[in-house]
J.: 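Can you read through this structure? Questions will come right after.
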Amino acid sequence: MHQIPNAADSVDPLRRELSLGLAAALLGLPLTARGAPPPPLSLSLALIELMPWAATTADGGQAGILVDTAEALSALSGVGLQLRLLPYPRGAMLLARRQVDLMVALQADQLDQGAVRLAPLSMEDIVVVGRPGTTLRAMADLKGKVVGRLRNAEYATEFAASTDIIKYDTNSYRQSVQMLRVGRLDAVIFIRSALVFTLKSMQLTMAAVGQPLLIGRTPLTMYATAACAASSAGEAIRDACKTVYKRQTVKALAELLNTERGEAPAALSWRG
């Protein structure tokens with residue numbers, strides 16, 4: 001899943017400036033400068049290295065929805081978070097081997113086997129889109145179809161368990177859309193906000209894919225090693241996750257990233 005972000009996959013400079021510290025601002029927290037020394041107590045956090053979630057910028061910084069979310073979690077909990085941007089399979093492996101303390105990912109059976117669900121951060125719409133002009137009405141329409149998914153991702157229980165769907169692993173959201181558009185895939189499964197971001201980054205409209213079929217909602221979850229979950233730092237992060245979930249911070253960040261320049265998402269005016 002590792003992909004070096006290019007200009008089209010990255011947040012544009014204005015969006016990056018607006019998003020720095022935004023999660024903390026949404027929660028009414030003081031802005032902590034990026035790159036400042038972490039608090040004495042710190043944990044390692046694996047994030048999936050793929051926009052809109054997280055990426056290394058051209059100037060060596062870090063940007064993305066989950067980078068901003070991590071900043072808010074650290075401010076809320078008083079726990080420093082050392083971010084490691086990794087492909088999904090490597091992040092999952094390091095978590096299972098207790099080589100990172102935490103990882104953010106969609107709730108998945110694979111992760112449940114070797115880690116503890118600390119707390120949800122948001123509920124994410126899981127959608128499937130077919131080729132342009134096509135309409136999917138139910139999961140049954142995917143029987144016998146070749147459906148692209150990010151490598152090793154489960155997305156939703158029914159989709160992951162289905163043996164009637166031919167699942168084709170891809171390395172990035174962009175690759176999935178490209179393969180769909182040239183007819184190498186019948187459909188692609190996405191987190192809705194990631195679909196919107198990917199189409200915008202490719203300068204495409206929603207008409208470039210078929211009508212999205214909502215197949216479920218899956219928690220974006222903070223996972224932890226057992227030792228981390230039982231620690232005082234882990235408990236502090238758990239409480240911070242609950243606040244982020246209640247305030248819908250992840251949704252607000254996604255809305256900002258996916259709106260047109262100059263528009264202000266409604267969630268930004270809410271302080272709750």
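Computed from heavy atoms alone, side chains included, the values below leave out hydrogens, waters and symmetry copies.
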J.: Is it the case that atom CD in Glu158 sees more than 12 heavy atoms from other parts of the structure closer than 6.0 Å?
T.: no
J.: Verify whether one side chain among Thr225 and Asp101 offers a donor that lies under 3.5 Å from an acceptor in the other.
T.: no
J.: Quick one: OG on Ser172 to CG on Leu50, what's the gap to the nearest 0.5 Å?
T.: 6.5 Å
J.: With clusters defined by side-chain heavy atoms of hydrophobic residues (ILVMFWY) lying less than 4.5 Å apart, directly or transitively, does Tyr245 cluster with Val67?
T.: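 Unlinked, Val67 and Tyr245 end up in two clusters.
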J.: If you measure from CD1 on Ile189 to CG on Leu150, what distance do you get to the nearest 0.5 Å?
T.: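 The distance works out to 10.0 Å.
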J.: Show, in sequence, the C-alpha distance, side-chain angles and deciding distance for Leu86 and Leu94, and conclude whether the side-chain contact (heavy atoms from CB on, under 4.5 Å) test is met.
T.: CA-CA 10 Å; Leu86 301 164; Leu94 293 182; 3.7 Å; yes
J.: Would a 4.5 Å heavy-atom cut-off, applied to side chains only, mark Arg131 and Leu180 as touching?
T.: yes
J.: Side chains of Glu71 and Thr69 only: does a donor on one sit below 3.5 Å from an acceptor on the other?
T.: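 Thr69 and Glu71 do not have a side-chain donor-acceptor pair below 3.5 Å.
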J.: What's the separation between atom CG in Leu136 and atom OG1 in Thr134, rounded to the nearest 0.5 Å?
T.: 5.5 Å
J.: Does some side-chain heavy atom of Val100 sit less than 4.5 Å from a side-chain heavy atom of Leu45?
T.: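 No - every pair of side-chain heavy atoms lies 4.5 Å or more apart.
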J.: Are any of the side-chain heavy atoms of Val146 and Tyr168 separated by less than 4.5 Å?
T.: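 The answer is yes, as the side chains (C-beta and beyond) meet within the 4.5 Å cut-off.
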J.: To the nearest 0.5 Å, what is the distance between CD1 (Ile65) and OG (Ser193)?
T.: 5.0 Å
J.: Taking all non-hydrogen atoms of both residues into account, name the closest pair between Ala226 and Val116 and its distance.
T.: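 For Ala226 and Val116, the tightest heavy-atom pair comes out as CA-CG2, 3.9 Å.
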J.: Going from NZ on Lys167 to CG on Leu142, what distance comes out if it is rounded to the nearest 0.5 angstrom?
T.: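 Reported to 0.5 Å precision, the distance equals 9.5 Å.
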J.: Using every non-hydrogen atom in the two residues, find where Arg192 and Pro212 come nearest and quote the distance to one decimal.
T.: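 Scanning both residues, the minimum pair turns out to be NH1-CB, 4.3 Å.
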J.: Between Ile166 and Val147, is the side-chain contact (heavy atoms from CB on, under 4.5 Å) condition met? List the steps.
T.: CA-CA 6 Å; Ile166 303 168; Val147 180; over 6 Å; no
J.: Is a side-chain N or O of Thr57 found less than 3.5 angstrom from the main chain of Gly61, in a donor-acceptor match?
T.: yes
J.: Which heavy-atom pair separates Thr170 from Ser176 by the least distance, and what is that distance?
T.: OG1-OG, 2.7 Å
J.: Given side chains that start at C-beta, do those of Leu47 and Gln62 come closer than 4.5 Å, heavy atoms only?
T.: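 They are not in side-chain contact.
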J.: Could you check if a side-chain atom of Val177 sits within less than 4.5 angstrom of a side-chain atom of Val188, using non-hydrogen atoms only?
T.: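 No, side chains not in contact.
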J.: Among Glu49, Met93, Gln110, Arg151, find the residue that satisfies the side chain to side chain contact (heavy atoms under 4.5 Å, CB included) test when tested with Tyr88.
T.: Gln110
J.: Are there more than 12 heavy atoms of other residues, nucleotides or ligands under 6.0 Å from atom CZ of Arg98?
T.: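 Open: at most 12 neighbouring heavy atoms sit under 6.0 Å from CZ of Arg98.
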J.: As a quick check of understanding, evaluate side-chain contact (heavy atoms from CB on, under 4.5 Å) for Val104 and Thr221, giving each step before the final call.
T.: CA-CA 6 Å; Val104 176; Thr221 300; over 6 Å; no
J.: Could you see if Phe197 belongs to whatever hydrophobic cluster contains Met206? Use Ile, Leu, Val, Met, Phe, Trp, Tyr and a side-chain cutoff under 4.5 Å.
T.: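 Result: yes, single cluster for both.
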J.: How close do Ser77 and Ala236 get, heavy atom to heavy atom, and via which atoms?
T.: CB-O, 3.6 Å
J.: Could you check whether any side-chain N or O of Glu154 sits under 3.5 Å from a backbone N or O of Asp109, counting only pairs where one atom can act as donor and the other as acceptor?
T.: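 Side chain of Glu154 to backbone of Asp109, a donor-acceptor pair under 3.5 Å: yes, one is there.
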J.: Less than 4.5 Å apart, side chain to side chain, heavy atoms only: is that true for Thr218 and Glu124?
T.: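 Side-chain contact under 4.5 Å: no.
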J.: Can you tell me how far apart OG (Ser231) and CZ (Arg238) are? Round to the nearest 0.5 Å.
T.: 9.5 Å
J.: So do Leu214 and Ile126 actually touch side chain to side chain, heavy atoms under 4.5 Å?
T.: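 They are not in side-chain contact.
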J.: Applying the 4.5 Å side-chain criterion to the ILVMFWY set and letting contacts propagate, would Met202 and Val196 be lumped into a single cluster?
T.: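 In one cluster: no.
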J.: Is a salt bridge present between Asp186 and Lys145, judged by a nitrogen-to-oxygen distance below 4.0 Å?
T.: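 No, this pair does not count.
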J.: With a 4.5 Å limit on heavy-atom distance, are the side chains of Leu213 and Val127 in contact?
T.: no
J.: For the hydrophobic clusters of this structure (ILVMFWY residues joined by side-chain heavy atoms under 4.5 Å, transitively), does one cluster hold both Leu204 and Leu185?
T.: yes
J.: Please name the pair of heavy atoms, one in Phe159 and one in Ile215, separated by the smallest distance, quoted to 0.1 Å.
T.: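 Heavy atoms of Phe159 and Ile215 come nearest at CB-CD1, 4.1 Å.
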J.: Apply side-chain contact (heavy atoms from CB on, under 4.5 Å) to the pair Leu81 and Leu102, showing each step before the final yes or no.
T.: CA-CA 9 Å; Leu81 293 174; Leu102 302 159; 3.8 Å; yes
J.: Do you know which two heavy atoms are closest between Tyr173 and Ile191, and how far apart they sit?
T.: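 Shortest heavy-atom separation between Tyr173 and Ile191 comes out as OH-CD1, 4.5 Å.
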